[in-house]
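For reference, the structure is listed below as structure tokens.
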Amino acid sequence: MNLKRSSGSRTGHRVVLFALSTCGWCRRAKELLDQNDIAYDYIFVDQTTGEEREQVVKRVRELNPRGSYPTIEIDGEVVVGFDEERIRELLEL
């Protein structure tokens, strides 16, 4: 899985964002993380192909059986969709 790394400097939490490049809610989740200078790894699932896509989709379904986006893993906790309150709570914002 070829995750990209954000430029955020706050590294106190392990955050992985599984998103679609065309998804408005995914964009909002990414903006929230960026605005709060959170370091996170992310991947736009719709920009993957072949075996990598299969691997990413499998991981998303393990975390979120519905396979919806965004799917965010924060320190082992899973947030499905753009739940700003829950994201802020888990990141202690």
Side-chain angles (χ1 to χ4, degrees):
M1 200 173 342
N2 188 21
L3 297 173
K4 295 177 183 170
R5 185 76 171 164
S6 74
S7 61
S9 64
R10 295 179 66 187
T11 60
H13 298 278
R14 171 80 174 122
V15 181
V16 181
L17 169 65
F18 296 92
L20 301 175
S21 64
T22 58
C23 166
W25 294 114
C26 299
R27 192 173 311 111
R28 288 189 60 193
K30 194 170 184 316
E31 287 170 357
L32 176 64
L33 296 172
D34 290 340
Q35 288 168 357
N36 287 281
D37 201 28
I38 303 296
Y40 61 97
D41 294 318
Y42 67 97
I43 191 163
F44 290 119
V45 179
D46 58 319
Q47 295 179 351
T48 62
T49 59
E51 188 176 315
E52 181 181 32
R53 177 171 283 187
E54 290 174 19
Q55 184 183 30
V56 174
V57 169
K58 179 181 177 188
R59 180 65 181 144
V60 169
R61 290 209 180 268
E62 288 170 356
L63 299 171
N64 166 16
R66 291 189 336 222
S68 56
Y69 298 94
T71 295
I72 309 164
E73 187 176 15
I74 303 172
D75 297 329
E77 296 286 327
V78 178
V79 178
V80 176
F82 181 65
D83 184 345
E84 184 172 354
E85 183 177 325
R86 183 69 175 139
I87 294 167
R88 286 183 177 280
E89 177 185 330
L90 291 171
L91 294 174
E92 304 167 271
L93 298 176

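For this chain, numbers begin at 1 and follow the sequence in order.
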TODO: Indicate, with yes or no, if Leu32 and Val78 share a hydrophobic cluster defined by side-chain heavy-atom contacts under 4.5 Å among Ile, Leu, Val, Met, Phe, Trp and Tyr.
DONE: no
Open item on the list: Side chains of Arg53 and Asp46, heavy atoms from C-beta outward: is any pair under 4.5 Å?
Closed with: yes
Open item on the list: Run the side chain to side chain contact (heavy atoms under 4.5 Å, CB included) test against Asp37 and tell me which residues pass, sequence neighbours left out.
Closed with: Ser9, Arg10
Task: Tyr69 reachable from Phe82 in the ILVMFWY side-chain graph, under 4.5 Å edges - done: no
TODO: With sequence neighbours left out, write down each residue that passes side chain to side chain contact (heavy atoms under 4.5 Å, CB included) with Glu89, or none if nothing qualifies.
DONE: Arg86
- [ ] Enter the distance from Glu92:CD to His13:NE2 here, rounded to the nearest 0.5 Å.
- [x] 4.0 Å
Open item on the list: Measuring from atom CD of Glu73 to atom CG of Leu17, what distance do you get when rounded to the nearest 0.5 angstrom?
Closed with: 11.5 Å
Task: Flag side-chain contact, heavy atom, 4.5 Å: Ile74 against Leu91 - done: yes
Open item on the list: Measuring from atom CD1 of Ile43 to atom CZ of Arg59, what distance do you get when rounded to the nearest 0.5 angstrom?
Closed with: 12.5 Å
Task: Glu85/Arg88 ion pair, N-O < 4.0 Å - done: no
Task: Rounded distance [0.5 Å steps], CD1 in Ile38 versus OG in Ser6 - done: 8.5 Å
Task: Cluster link Leu20 to Leu63, ILVMFWY, side chain under 4.5 Å - done: yes
Open item on the list: Are the side chains of Leu90 and Ile72 in contact, using a 4.5 Å heavy-atom criterion?
Closed with: no
- [ ] Before accepting this row, confirm whether a basic side-chain N of the pair Arg14/Asp75 lies closer than 4.0 Å to the acidic partner's carboxylate O.
- [x] no
- [ ] Inspect the surroundings of CZ in Arg5 and state if more than 12 heavy atoms from other residues, nucleotides or ligands are less than 6.0 Å away.
- [x] yes
Open item on the list: Within this structure, what is the CD-CG distance for the pair Gln35 and Leu93, rounded to the nearest 0.5 Å?
Closed with: 11.0 Å
Task: Test item: Lys30 and Phe44 side chains (from C-beta on) under 4.5 Å apart, heavy atoms - done: yes
Task: Joint hydrophobic cluster, Val16 plus Met1, side-chain heavy atoms closer than 4.5 Å - done: yes
TODO: For Tyr40, check ring-ring contact (aromatic ring centres under 6.0 Å, His included) against everything at least two apart and list the hits.
DONE: Tyr42
Open item on the list: Apply side-chain contact (heavy atoms from CB on, under 4.5 Å) to residues Val80 and Ser68 and explain how you reach the verdict.
Closed with: CA-CA 7 Å; Val80 176; Ser68 56; 3.4 Å; yes
- [ ] For residues Pro70 and Cys26, report the shortest heavy-atom separation together with the two atoms involved.
- [x] N-SG, 3.6 Å
